[in-house]
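Side-chain atoms are counted along with the backbone in the values below, which use heavy atoms only and exclude waters and symmetry mates. Reminder, nothing fancy here: chain letters follow the sequence lines and each chain counts from 1. As the structure is a computational prediction, the values presented were derived from the model and not from experiment.
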Protein chains: 2
Amino acid sequence: MTAKGWEDIRAEVLRRIRARDWPPGQVIPGEEALALEFGVARATVNRALTALAKDGLLERRRKSGTRVAETPVRRATLDIPILRHEIEAQGRAYAFRLLDHRLTVPPLAVTARLGLAPDQPMLWLETVHLADGHPHAHEARWLNPALLPEPVPDFAQLSANEWLVRNLAFTAGDLAFLAEAAEGRVAEVFGVLDGAALLVMERTTWSGEAPITLLRLTHAPGHRVQMMV
Amino acid sequence: MTAKGWEDIRAEVLRRIRARDWPPGQVIPGEEALALEFGVARATVNRALTALAKDGLLERRRKSGTRVAETPVRRATLDIPILRHEIEAQGRAYAFRLLDHRLTVPPLAVTARLGLAPDQPMLWLETVHLADGHPHAHEARWLNPALLPEPVPDFAQLSANEWLVRNLAFTAGDLAFLAEAAEGRVAEVFGVLDGAALLVMERTTWSGEAPITLLRLTHAPGHRVQMMV
DNA sequence: GATCTTAATATGTCTAGACATAATACCGAA
DNA sequence: TTCGGTATTATGTCTAGACATATTAAGATC
């Protein structure tokens, strides 16, 4: 076992985990011991183990040491694209149409989720994104008006998403996928019957303590969101 | 701007990117220059920039230098849980029932997707996962029998997913989410009408060149798959 | 002008040693 | 026994310097 770089060490440790030389839950030798065994500096071992820990295969704690994760959690990563780029990357023409926009008091569920006062008005935007003229996704968005400049940008010209990406830094956010039956305007946009199964992506973003936006993106029928593991 | 650790430097560089001090596409100062500016060693700057590159905010190339990514791709990570753990973590009782299992030739779409000979039989497993006795997810799985030991594990006792996680290392895989209308046995399992919108996770995994399994996990109505950004 | 060779350069990684920090183990006092 | 304080320990991070490597730019040759 001639280990030269940190990736070799990473690979060898991974092999031992998979081969059950170091079974789940077991504490593995410390960095110093491994550095000695592999004939490298401790920093090199550290880099390899840190990488494995980031991938969820090891759990590391000061003083306790490093142990093999009980449940080898697999992590998948999703690149959240700007819709325009996603569509143009497929060689299709992108366009969008702003269906509705107004300042209004959102439902309680929305303000509660964002931690805002229940009677505070927010900017409501409803947009349909088109690929080669066909509806690709329906976007329903609540936007915190406190974070917008005066005058408010013209979201009929520049999509809210792109404006946000370019102008507001977000520090935290979460994202969920769910399936929902089409109804009302969404069904109408996609030209499907009420009740058709559609994939919805829900997203909230925050700038420090201040909520930026709550977004529901309903995809066209049959759409798949692909991730790499 | 007193920068002490690599995370401070990461934060400051991020701030400059967002503030458009360094606009998209622009080459930023080299590591040596930044190390000088921040009063740290080059390795510390390297760590910060490497982290930002992994997050998709910078693009780095030897000799060319480091530039701000044109499209600030956001990456979300999904921890793919073992269903039993996910359910038990919510304080609910986990159980599963094997509805069907047999060795049979899969449809063409399956063998084509996995790159196997079209007439090669595979192990078909249909399972329902229960939380507190209520159906939580319906699992339909094709499994490559060439990778199983003799005798074949008893998947009525140990769920196929857990057996795989524990015994087969996979090197690659992909994952997709889609919405689908309930029908047949799936509708029956969840006690919903045909046509109800359900969230489906499709997953294929490989061990080197050999496909391991193709899985369709249909979630209970209303289920949300949550990710952190 | 076109192609091959060579030098220059920014990032990638390693080392040896040092100090920081979190978490545990130990021990003494109430 | 229980509660705090203290020592110990493994990981986390930094430094200064070095060499490796990919890639581009410049130069030489045909």
Side-chain angles (χ1 to χ4, degrees), chain A residues 1-17 21-70 72-73 75, chain B residues 1-17 21-70 72-73 77:
Chain A
M1 179 68 236
T2 31
K4 289 212 284 208
W6 70 271
E7 297 203 87
D8 294 301
I9 294 179
R10 192 198 124 104
E12 171 60 13
V13 171
L14 187 56
R15 192 195 64 72
R16 293 186 189 178
I17 293 171
D21 291 346
W22 294 334
Q26 185 166 112
V27 176
I28 74 171
E31 295 185 348
E32 206 122 23
L34 290 175
L36 197 69
E37 182 197 336
F38 292 127
V40 298
R42 186 171 77 89
T44 308
V45 172
N46 182 288
R47 182 145 193 200
L49 298 186
T50 301
L52 285 167
K54 213 162 5 191
D55 289 348
L57 286 146
L58 291 176
E59 282 164 11
R60 320 194 72 203
R61 274 167 64 197
R62 281 165 165 154
K63 168 79 179 178
S64 312
T66 303
R67 64 182 60 227
V68 179
E70 291 281 355
V73 177
R75 296 216 165 99
Chain B
M1 180 64 234
T2 31
K4 291 212 284 203
W6 70 271
E7 296 204 80
D8 295 301
I9 294 179
R10 192 199 124 103
E12 170 60 12
V13 171
L14 188 55
R15 192 195 63 72
R16 292 186 189 178
I17 293 171
D21 292 347
W22 295 334
Q26 185 166 111
V27 175
I28 74 171
E31 296 184 349
E32 206 123 22
L34 290 175
L36 198 68
E37 183 198 336
F38 292 127
V40 299
R42 185 171 77 88
T44 307
V45 172
N46 181 288
R47 180 143 195 200
L49 298 187
T50 302
L52 285 167
K54 214 164 1 194
D55 290 347
L57 286 146
L58 292 176
E59 283 164 10
R60 321 193 72 202
R61 274 169 64 197
R62 281 165 170 163
K63 167 81 179 180
S64 314
T66 302
R67 64 183 59 228
V68 180
E70 291 282 354
V73 177
T77 61

Around atom CD of B:Gln26, are there more than 12 heavy atoms from other residues, nucleotides or ligands closer than 6.0 Å?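 Atom CD in B:Gln26 is packed in, count exceeds 12.
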Side chain to side chain contact (heavy atoms under 4.5 Å, CB included) evaluation trace for B:Glu32 with B:Val45: CA-CA 8 Å; B:Glu32 206 123 22; B:Val45 172; over 6 Å; no
Please examine the side chains of [Y] and [X], heavy atoms only from C-beta on, and report whether any two atoms are closer than 4.5 Å.
{"X": "B:Thr66", "Y": "B:Leu52", "answer": "no"}
{"X": "A:Trp6", "Y": "A:Val40", "answer": "no"}
{"X": "B:Asp55", "Y": "B:Leu14", "answer": "no"}

Using atom CD of B:Glu32 as one end and atom C1' of C:dA10 as the other, report the distance to the nearest whole Å.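 Answer to the nearest Å: 9 Å.
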For the pair made of CD in B:Glu7 and C1' in C:dT21, what is the distance, rounded to whole Å?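 Roughly 13 Å, once rounded to whole Å.
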Assuming nearest nucleotide by heavy-atom distance, tell me which of B:Ala43 and B:Ile28 is located more 5' along DNA chain C.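 The 5'-side residue here is B:Ile28.
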Ion pair present between B:Arg15 and B:Glu12, side-chain N to carboxylate O less than 4.0 angstrom? yes
Does anything in residues 58-65 of chain A come within less than 4.0 Å of DNA chain C? Heavy atoms only, and list the residues if so.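 Result for residues 58-65 of chain A: A:Arg61, A:Arg62, A:Lys63, A:Ser64, sorted by number.
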Reported CZ-to-CG distance for the pair A:Arg67 and A:Leu58, which is rounded to 0.5 angstrom: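 Between A:Arg67 CZ and A:Leu58 CG, I get 11.0 Å after rounding to 0.5 Å.
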Looking for any heavy atom pair under 4.0 Å, which part of the strands does A:Arg47 touch: base, sugar-phosphate only, or nothing? sugar-phosphate
Side chain to side chain contact (heavy atoms under 4.5 Å, CB included) between B:Leu34 and B:Ile9, intermediate numbers included: CA-CA 9 Å; B:Leu34 290 175; B:Ile9 294 179; over 6 Å; no
Taking 5' to 3' order, which nucleotide of DNA chain D is first and which is last to have an atom within less than 4.0 Å of a heavy atom in chain A? D:dT8 to D:dT13
